[in-house]
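Here's the structure we're looking at; comments come further down.
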Amino acid sequence: MNPNEQLRQEFNEWAADGRGTEMERHHLDITEKTIQKMNLRPGERVLDLGCGTGWATRLLARLVGDGPEGSGQVVGVDIADEMIRKARAASRDFENVVYVVAPSHEIPWQENFFDKVLSVESFYYYPDQDRALAELFRVMSPRGRMFILINLYKDNHYSLRWVNALKVPVQVRSESEYVQLLKAHAFQDVQAFRIPDETPTPDEYSGKWFKNAYELRDFKRIGALLLTARKPDVRSMSPAQAIY
Ligand SMILES: C[S@@+](CC[C@H](N)C(=O)[O-])C[C@H]1O[C@@H](n2cnc3c(N)ncnc32)[C@H](O)[C@@H]1O
């Protein structure tokens, strides 16, 4: 089975057994902090890549609502059709949200379109991160900004426990490797931030990923990695696009 089909099947299962909805609870604190940094304005066009059930997409849609140049628009893209089905069902009241089933390496949208991109806990699943970045560069508007938030990266050693336990292969890079990767794709103003999860941790931990509550608290203290970058003021393709 090719890696994208494997991802689609795996995440359709997540959607079916409720894990898609459960993720809002785990990602809300770090995502809200990221959205604050996005400095969204009414009228902006935003892409939520790997949107899952769309809870963050809807937060974005409220923030870009009506502006002087009309209503902002948010597009949620996900490889798993079950995730998108749930996202659409939960977004019926939103007129400025569209969901599309597509993989990160083939975003079915016009070039130079999005002012901002958000991607929450999804980027490390992409089998070809280079190709995903080339696609993001293509669909982002000149001077558009990208916000990639991930909990699995080398500098948070607890997250490495997931690497072999997950049913799908994942990419494992360090903060500095990611910064180099984004720069290699001609993104500018590349920065890395740590986003701690400041939600309370119960004293007792009974899950499978941490030995005890102390470890979970420490994982949350080290925090997620937020990568931010800007597309240069050009309407051209990414230099890497020529490869594909
Ligand atoms: C851990 S979930 C996070 C979902 C959502 N962003 C959230 O925080 O609830 C990862 C999501 O990325 C999607 N995904 C994984 N690989 C993808 C790819 N290559 N292209 C598009 N979406 C992908 C999955 O289907 C899944 O919905």
Side-chain angles (χ1 to χ4, degrees), residues 10-11 13-40 46 48-64 74 76 78 80 83 86-87 89-91 93-94 97 116-125 145-168 170-175 178 191-228:
E10 173 68 6
F11 283 105
E13 276 177 34
W14 285 40
D17 70 16
R19 273 178 289 171
T21 319
E22 175 71 357
M23 283 186 291
E24 175 171 1
R25 196 163 60 79
H26 293 302
H27 303 159
L28 184 61
D29 181 79
I30 56 174
T31 302
E32 282 181 338
K33 289 173 181 151
T34 301
I35 290 178
Q36 277 171 21
K37 284 182 180 286
M38 289 176 79
N39 194 20
L40 290 163
V46 188
D48 182 3
L49 186 58
C51 63
T53 56
W55 58 270
T57 323
R58 291 185 287 280
L59 289 180
L60 299 169
R62 287 194 190 95
L63 291 168
V64 297
V74 187
D78 202 285
M83 289 284 189
K86 294 208 165 190
S91 306
D93 294 339
F94 288 78
V97 175
K116 308 261 166 78
V117 173
L118 175 68
S119 181
V120 177
E121 270 298 88
S122 186
F123 195 73
Y124 55 83
Y125 289 107
R145 294 183 68 205
M146 176 168 84
F147 297 78
I148 295 175
L149 183 65
I150 47 174
N151 260 323
L152 195 164
Y153 63 108
K154 279 184 193 166
D155 312 78
N156 189 338
H157 63 95
Y158 295 108
S159 71
L160 303 181
R161 295 176 184 174
W162 304 332
V163 174
N164 294 324
L166 285 164
K167 286 196 204 140
V168 285
V170 288
Q171 316 300 318
V172 187
R173 295 181 199 262
S174 66
E175 175 181 309
Y178 271 120
Q191 284 184 282
F193 301 88
R194 298 296 172 86
I195 311 290
D197 178 341
E198 291 168 312
T199 54
T201 305
D203 287 337
E204 294 297 320
Y205 175 79
S206 57
K208 63 175 179 176
W209 299 114
F210 302 94
K211 288 199 190 101
N212 49 43
Y214 167 80
E215 280 197 356
L216 172 56
R217 217 170 278 132
D218 201 37
F219 163 80
K220 289 161 71 174
R221 178 194 62 77
I222 297 170
L225 173 64
L226 171 64
L227 298 156
T228 68

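Worth knowing before you read on, the calculation uses all heavy atoms, side chains too, and leaves out hydrogens, waters and symmetry mates. Along the sequence shown, the residues carry numbers beginning at 1.
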Practice problem: List the steps, then state whether side chain to side chain contact (heavy atoms under 4.5 Å, CB included) holds for Met83 with Met23. | Solution: CA-CA 12 Å; Met83 289 284 189; Met23 283 186 291; 3.9 Å; yes
With a 4.5 Å cut-off on side-chain heavy atoms, are [Y] and [X] touching?
| X | Y | value |
| --- | --- | --- |
| Leu227 | Phe147 | no |
| Trp209 | Tyr205 | yes |
| Ser91 | Arg58 | yes |
| Ile222 | Asp218 | yes |
| Thr31 | Leu149 | yes |
| Tyr158 | Leu216 | no |
| Leu225 | Asn156 | no |
| Arg194 | Glu175 | yes |

Under 3.5 Å, side-chain donor or acceptor atoms of residues 116-124 against the rest of the protein: list the pairs with distances, not counting sequence neighbours.
| residue | atom | partner | partner atom | Å |
| --- | --- | --- | --- | --- |
| Lys116 | NZ | Met38 | O | 2.9 |
| Lys116 | NZ | Asn39 | O | 3.2 |
| Lys116 | NZ | Glu44 | OE1 | 3.0 |
| Lys116 | NZ | Glu44 | OE2 | 3.2 |
| Ser119 | OG | Leu49 | O | 2.9 |
| Glu121 | OE1 | Asn151 | N | 2.3 |
| Glu121 | OE2 | Tyr124 | OH | 2.8 |
| Ser122 | OG | Tyr126 | OH | 2.8 |

For residues [X] and [Y], report the shortest heavy-atom separation together with the two atoms involved.
| X | Y | result |
| --- | --- | --- |
| Ile195 | Ile30 | O-CG2, 3.5 Å |
| Ala213 | Thr201 | O-CG2, 4.1 Å |
| Gly50 | Asp78 | C-OD2, 3.3 Å |
| Leu160 | Tyr153 | CD2-O, 4.1 Å |
| Phe219 | Ser159 | CE1-CB, 4.3 Å |
| Pro200 | Lys220 | O-NZ, 3.5 Å |

Exercise. Run the numbers on Phe210 and Arg161 for side chain to side chain contact (heavy atoms under 4.5 Å, CB included), then give the verdict.
Key: CA-CA 9 Å; Phe210 302 94; Arg161 295 176 184 174; 4.0 Å; yes
Quiz prompt | Residues in side chain to side chain donor-acceptor pair (under 3.5 Å) contact with Gln191, at least two apart in sequence or another chain | solution = none
Quiz prompt | Euclidean distance, Arg62 CZ relative to Leu40 CG, rounded to 0.5 Å | solution =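 Result: 13.5 Å between the selected atoms.
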Practice problem: Output the distance between atom CG (Asp203) and atom OH (Tyr214), rounded to the nearest 0.5 Å. | Solution: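 That separation rounds to 14.5 Å.
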Quiz item: When you look at CG of Asn164, are more than 12 heavy atoms from neighbouring residues, nucleotides or ligands closer to it than 6.0 Å?
Solution: no
Exercise. Start with the C-alpha gap between Arg221 and Glu198, add the side-chain angles, then the distance that decides, and say whether salt bridge (charged side-chain N to carboxylate O under 4.0 Å, His left out) holds.
Key: CA-CA 7 Å; Arg221 178 194 62 77; Glu198 291 168 312; over 6 Å; no
Practice problem: Please check if the side chain of Glu215 supplies one atom and the backbone of Lys211 the other of a donor-acceptor pair under 3.5 Å. | Solution: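 Side chain of Glu215 to backbone of Lys211, a donor-acceptor pair under 3.5 Å: yes, one is there.
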Quiz prompt | Presence of salt bridge, Asp197 and Arg217, under 4.0 angstrom | solution = no
Quiz prompt | Pairing residues for Ser174 by the side chain to side chain contact (heavy atoms under 4.5 Å, CB included) criterion, not counting sequence neighbours | solution =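 If we apply the side chain to side chain contact (heavy atoms under 4.5 Å, CB included) test to Ser174, skipping adjacent residues, the hits are Lys154, Asp155, Ser176, Glu177.
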Practice problem: From the options His27, Lys33, His26, select the one residue that forms a side chain to side chain donor-acceptor pair (under 3.5 Å) with Asp29. | Solution: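 Result: among His27, Lys33, His26, Lys33 is the only option passing the side chain to side chain donor-acceptor pair (under 3.5 Å) with Asp29.
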Self-check item: Row check, Phe193 ring normal vs Lys37 NZ/CZ: under 6.0 Å, within 45°
Solution: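 Relative to the ring axis of Phe193, which defines the angle, Lys37 lies inside both limits.
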Quiz prompt | Derivation and outcome, side chain to side chain contact (heavy atoms under 4.5 Å, CB included), residues Tyr178 and Ile150 | solution = CA-CA 11 Å; Tyr178 271 120; Ile150 47 174; 3.4 Å; yes
Quiz prompt | Working for side chain to side chain contact (heavy atoms under 4.5 Å, CB included), residues Tyr125 and Leu166 | solution = CA-CA 10 Å; Tyr125 289 107; Leu166 285 164; 4.2 Å; yes
